[in-house]
Number of protein chains: 2
Amino acid sequence: MPINPEAAGSEFGPTEAYWTSKDCLLYAIGIGAGTDELAFTTENTAGVDQQVFPTFACVAMAGDRIRKDGGKSPFASVGSFNPAMLVHGEQGITLHRPLPVEAEFVSTGKITGIYDKGSGAVIAFENSATAKDSGEPLFTLRQSLFIRGEGGFGGDRGPSAPKVDLDRAPDHVVSYTTRPDQALIYRLSGDRNPLHSDPSFAKMGGFDRPILHGLCSFGFTGRALLHTLCGGDPARFHSMDARFSKPVLPGDTLTVSMWVEGDRAHFRTERAPGEVVIDNGVLSFTP
Amino acid sequence: MPINPEAAGSEFGPTEAYWTSKDCLLYAIGIGAGTDELAFTTENTAGVDQQVFPTFACVAMAGDRIRKDGGKSPFASVGSFNPAMLVHGEQGITLHRPLPVEAEFVSTGKITGIYDKGSGAVIAFENSATAKDSGEPLFTLRQSLFIRGEGGFGGDRGPSAPKVDLDRAPDHVVSYTTRPDQALIYRLSGDRNPLHSDPSFAKMGGFDRPILHGLCSFGFTGRALLHTLCGGDPARFHSMDARFSKPVLPGDTLTVSMWVEGDRAHFRTERAPGEVVIDNGVLSFTP
């Protein structure tokens with residue numbers, strides 16, 4: 001069955017899920033945090049309160065922490081496709097408050113668009129999560145998935161990202177090196193797609209070897225933004241949107257360049273000079 | 001209250017606990033396994049069945065996976081002491097079968113000895129775990145904890161390890177490098193003692209910086225033994241006993257030397273030439 005553009009507008013959920021302090025610690029290590037970031041990687045360091053990386057929101061609803069499934073898969077109405085051909089297109093998060101170290105929450109979502117890019121199909125989602133007890137908004141996720149080879153079904157091309165002129169030198173440049181086994185740690189936060197771990201599966205998907213999760217690079221990038229622009233304080237990190245433009249390989253060094261304009265910053269991430277892996281980045285923050 | 005030698009013989013448990021496939025994967029990464037060991041670090045690699053490192057037995061009964069606590073802490077009758085002064089003395093494991101990737105099990109234990117070494121006290125335990133449904137034996141753990149500064153209570157010195165003559169060159173030497181953040185990953189398998197993560201706590205314990213968990217070094221060592229002597233097959237790995245002789249710092253390279261004698265191997269682990277961190281090692285295996 002090819003992609004069905006009529007699925008746009010479908011709603012899914014509500015799904016009830018939770019996370020624990022341990023999930024946040026594991027995620028922190030999955031996006032490369034270490035001994036210099038004990039507020040994010042430990043829960044019992046004297047004089048330090050545990051904090052949660054804002055990008056944890058992206059993995060909050062991991063399959064193994066769902067208490068009550070909403071029952072309607074977002075993919076049920078979209079059609080079938082080869083999961084080895086699926087890559088992350090765009091990702092956005094809005095934090096309505098700093099994420100607590102543990103939570104019970106309810107998530108609802110909808111398919112906001114299905115687009116035909118010719119070389120592939122794009123499926124755009126939005127999810128909103130609220131605290132189960134209080135109903136307090138926690139975060140909103142925006143994401144689009146790109147399914148290579150599934151274009152040409154005659155759908156709309158969808159919106160193009162506005163071009164941003166970044167021709168001055170960046171205000172900040174920060175590099176973090178991913179580890180050869182980064183995907184093996186990161187995947188324990190929920191996304192077990194073997195594209196990121198199994199060499200033979202990665203070959204089926206057209207890659208020489210397993211690629212890093214797009215959301216792992218997104219997490220490394222958000223970590224750089226948080227420490228560089230928000231003084232490491234999640235309360236100053238409000239929203240982050242970006243587009244995935246090229247795969248990252250485990251072991252790559254990710255260099256994040258930032259251009260600040262008041263309470264917004266544009267950013268992009270490269271795996272080598274000129275090899276942009278995350279672009280069109282916009283952070284909204286409290287300077 | 002000082003150490004009470006009368007606590008020897010106390011029994012504890014039964015405690016009911018479980019582990020999942022994810023716990024085994026997280027442990028594997030905690031002891032340094034990576035992309036060359038996908039049988040241990042992934043559960044969905046094509047043509048590869050997930051396997052569990054035998055040394056996972058040491059962390060099987062992590063506090064956050066206990067379903068029904070036996071109610072009697074082994075420490076309740078031992079006396080009180082400063083946990084910053086506690087280090088691992090000896091560790092032994094016997095595998096009655098290869099560990100399954102998930103299990104519900106019952107553990108019972110007893111204090112097998114309380115010894116006065118002058119500079120500190122030694123508390124020796126033994127734990128036996130059986131599968132909850134079948135009653136099938138899974139593993140037996142032997143361990144002793146050394147509490148610095150708590151000796152001199154007038155107790156027995158306890159047995160000394162038999163001296164083994166290892167004056168020939170080792171048959172195998174394998175080195176693995178631990179990571180600066182190794183303890184931060186390893187601790188998510190259950191032992192959250194801040195001696196391994198919090199610099200100020202480590203200083204209280206007399207260390208310049210946080211030290212690696214003894215059981216993490218034990219896991220690295222067991223991993224080297226498994227791959228070198230058992231062809232990576234947990235069914236050929238029967239028991240492993242060793243003594244912790246010196247702290248390991250995260251980032252150290254651990255070099256494991258092995259002397260094979262039939263179906264036994266003696267081993268020791270160094271962090272630098274002559275700086276033995278694990279000694280008196282004995283592995284029982286199927287060659």
Side-chain angles (χ1 to χ4, degrees), chain A residues 20-48 50 62-65 83-84 102 177 179-204 209-210 212 249-251, chain B residues 20-48 50 62-65 83-84 102 177 179-204 209-210 212 249-251:
Chain A
T20 67
S21 160
K22 180 176 170 179
D23 296 316
C24 301
L25 300 173
L26 178 57
Y27 174 78
I29 293 170
I31 62 166
T35 55
D36 292 337
E37 295 161 271
L38 295 178
F40 298 92
T41 52
T42 63
E43 77 297 344
N44 61 354
T45 297
V48 177
Q50 186 185 347
D64 59 351
R65 296 197 301 272
E102 56 186 30
T177 298
R179 292 196 296 237
D181 64 353
Q182 199 73 52
L184 298 180
I185 303 172
Y186 179 81
R187 71 197 291 277
L188 298 182
S189 284
D191 182 350
R192 305 286 189 96
N193 186 337
L195 180 60
H196 308 296
S197 52
D198 181 349
S200 63
F201 192 92
K203 281 205 176 65
M204 280 191 341
R209 59 187 183 91
L212 196 60
L249 293 178
Chain B
T20 67
S21 159
K22 180 176 170 178
D23 297 315
C24 301
L25 300 173
L26 178 57
Y27 174 79
I29 293 169
I31 62 166
T35 54
D36 291 338
E37 294 161 270
L38 294 177
F40 297 92
T41 53
T42 63
E43 77 297 345
N44 61 354
T45 298
V48 176
Q50 186 185 346
D64 59 352
R65 296 197 303 271
E102 55 185 32
T177 298
R179 293 196 296 237
D181 65 353
Q182 198 73 53
L184 298 181
I185 305 172
Y186 179 81
R187 71 197 290 279
L188 298 183
S189 284
D191 181 352
R192 304 288 189 95
N193 186 337
L195 179 60
H196 308 295
S197 52
D198 181 349
S200 62
F201 191 92
K203 281 204 177 64
M204 281 192 338
R209 59 186 183 93
L212 195 60
L249 294 177

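Reminder, nothing fancy here: chain letters follow the sequence lines and each chain counts from 1.
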### Task
Name all residues meeting the salt bridge (charged side-chain N to carboxylate O under 4.0 Å, His left out) criterion together with A/K22; count only those two or more places apart in sequence or in a different chain, and write none if there are none.
B/D64
### Task
Please list, chain by chain and in numerical order, all residues satisfying salt bridge (charged side-chain N to carboxylate O under 4.0 Å, His left out) with B/R192, sequence neighbours excluded.
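Only A/E43 meet the salt bridge (charged side-chain N to carboxylate O under 4.0 Å, His left out) criterion with B/R192.
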### Message
Looking at chain A, which one of B/I185, B/T20, B/L184 has the largest number of heavy-atom pairs inside 4.5 Å, strictly under?
### Response
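The candidate making the most pairs under 4.5 Å is B/L184.
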### Pairing residues for A/T177 by the side chain to side chain contact (heavy atoms under 4.5 Å, CB included) criterion, not counting sequence neighbours
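Side chain to side chain contact (heavy atoms under 4.5 Å, CB included) check on A/T177 returns A/T253.
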### Query
What part of B/A33 is in contact with chain A, defined as an atom under 4.5 angstrom from a non-hydrogen atom: side chain, backbone, both or neither?
backbone
### Message
Please classify the contact of B/P194 with chain A as side chain, backbone, both or neither, using a heavy-atom distance under 4.5 Å.
### Response
both
### Summary
Correct closest heavy-atom pair for A/S197 and B/N44 would be OG-OD1, 4.2 Å
### Message
Quick check: under 4.5 Å, non-hydrogen atoms only, which of residues 35-42 of chain B neighbour chain A?
### Response
B/T35, B/L38, B/T41, B/T42
### Query
Which atoms of A/A28 come close to chain B, meaning under 4.5 Å heavy atom to heavy atom: side chain ones, backbone ones, both, or neither?
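For A/A28, there is no contact with chain B at all, as no heavy atom is under 4.5 Å.
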#### Entry: Minimum side-chain heavy-atom gap A/L188-B/I29 below 4.5 Å
yes
### Message
I'd like to verify something: which residue of A/A46, A/S200, A/A183 has the highest number of heavy-atom pairs under 4.5 Å with chain B?
### Response
A/A46
